[in-house]
Amino acid sequence: MAILDIKKYPARVLKHKAAHVAVIDDELQQLIDDMIETMYAAPGVGLAAPQVGISKRLAVIDISAREESVPLLVLINPVILKQEGEIEFEEGCLSVPDYTAKVKRAENLVLTAIDRSGNQVEIETGGLLSIAVQHEIDHLDGILFIDRLSPIKREFIKKKFKKKQKTAV
Ligand code: NI
């Protein structure tokens with residue numbers, strides 16, 4: 001296993017719509033293991049493949065630090081089938097370090113995905129897991145949580161990160 005480099009905003013790979021996963025082979029299993037290790041090391045509660053520079057529809061989520069009973073989830077080609085309600089939560093992202101903001105999302109979800117054994121699964125979620133799933137699926141569509149903020153807040157964060165890039169050199 002290996003800890004992968006996490007791409008930070010404004011890396012272009014974060015803006016791309018990721019490709020459908022066609023085969024679950026050894027290479028993908030390796031990527032899944034590395035993503036899990038990278039997520040735990042960060043630490044974070046979720047990580048999508050585009051965040052490590054791989055534009056594929058794959059994400060890992062583990063919110064057990066917040067809700068013990070929820071197992072580690074590996075989602076391949078996830079699709080939201082149903083959503084309802086509204087919930088607001090202070091979100092952060094490993095690709096947008098040192099910034100959090102309140103984002104509104106659906107409270108309850110039904111989704112389908114392929115697990116790492118290749119089985120099609122249907123998952124019903126609510127609350128924090130539902131927020132994490134929507135955040136990670138957004139990554140697969142090239143959307144960051146800051147894209148869901150008001151234009152004023154988005155401009156603020158863009159400026160902040162431009163400044164940071166300049167000073168980092
Ligand atoms: Ni994120």
Euclidean distance, S130 OG relative to E84 CD, rounded to 0.5 Å: 10.0 Å

Spacing of CG belonging to D62 relative to CG belonging to L73, to within rounding of 0.5 Å: 8.5 Å

Determine yes or no for a side-chain-to-main-chain donor-acceptor pair under 3.5 angstrom, with D141 supplying the side chain and I143 the backbone. no

Test side chain to side chain contact (heavy atoms under 4.5 Å, CB included), reference R105, set E91, E86, Q83, output is E91

Taking Q29 for the side chain and R116 for the main chain, is one N or O donor matched with an acceptor at less than 3.5 Å? yes

Any idea which heavy atoms bring G44 and A42 closest together, and the distance? N-CB, 3.8 Å

Is it true that the side chains of T112 and E122 contain a donor and an acceptor less than 3.5 Å apart? no

Is the shortest distance from a Lys or Arg side-chain nitrogen in D138 or R148 to a carboxylate oxygen in the other one below 4.0 Å? yes

Answer yes or no: are there more than 12 heavy-atom neighbours, outside E90 itself, under 6.0 Å from its atom CD? yes

Write down the atom of L140, the atom of A48, and the distance for their closest heavy-atom approach. CD2-CB, 4.0 Å

Are the side chain of T125 and the backbone N or O of N108 linked by a donor-acceptor pair below 3.5 Å? no

Using 0.5 Å steps for rounding, measure from the OG atom of S55 to the NE2 atom of H139. 12.5 Å

Under 3.5 Å donor-acceptor, D147 side chain and L144 backbone: yes

With a 4.5 Å limit on heavy-atom distance, are the side chains of P10 and K158 in contact? no

D34 side chain to Q30 side chain, donor-acceptor N/O pair below 3.5 angstrom: yes

Take a 6.0 Å sphere around NZ of K8 and say whether it holds more than 12 heavy atoms from other residues, nucleotides or ligands. yes

Do the side chain of E37 and the main chain of A2 share a donor and acceptor less than 3.5 angstrom apart? yes

Tell me whether I131 shares a hydrophobic cluster with F145, the cluster being built from Ile, Leu, Val, Met, Phe, Trp, Tyr side chains joined at under 4.5 Å. no

Between CG on residue L111 and CD1 on residue I80, distance to nearest 0.5 Å: 7.0 Å

With a 4.5 Å cut-off on side-chain heavy atoms, are K7 and Q51 touching? no

With side chains defined as the heavy atoms from C-beta onward, is the minimum distance between I157 and Y99 less than 4.5 Å? yes

For I32, which fellow cluster members are found when Ile, Leu, Val, Met, Phe, Trp and Tyr are connected by side-chain heavy-atom distances below 4.5 angstrom, either directly or through intermediates? L4, I6, V21, I24, L28, L31, M35, I36, M39, Y40, L47, V52, I54, L58, V60, L72, V74, I76, L94, I114

What is the minimum heavy-atom distance between S64 and V70, and which atoms define it? CB-O, 3.6 Å

Minimum side-chain heavy-atom gap L75-I123 below 4.5 Å: yes

Not counting sequence neighbours, list each pair that qualifies as a ring-ring contact (aromatic ring centres under 6.0 Å, His included) and has a residue in residues 2-29. Y9-F161

A quick test of your reading: do over 12 heavy atoms of other residues, nucleotides or ligands sit less than 6.0 Å from CG of D26? no

When clusters are formed by joining ILVMFWY residues with side-chain heavy atoms under 4.5 Å apart, either directly or through shared neighbours, do I146 and F89 land in the same one? no

Locate the shortest heavy-atom distance separating A18 from P50; write the atom from each residue and the value. CB-CG, 4.1 Å

E124 side chain near L109 side chain, heavy-atom distance below 4.5 Å: no

Heavy-atom pair with the smallest gap, counting every atom of I87 and A106: CG2-O, 3.7 Å

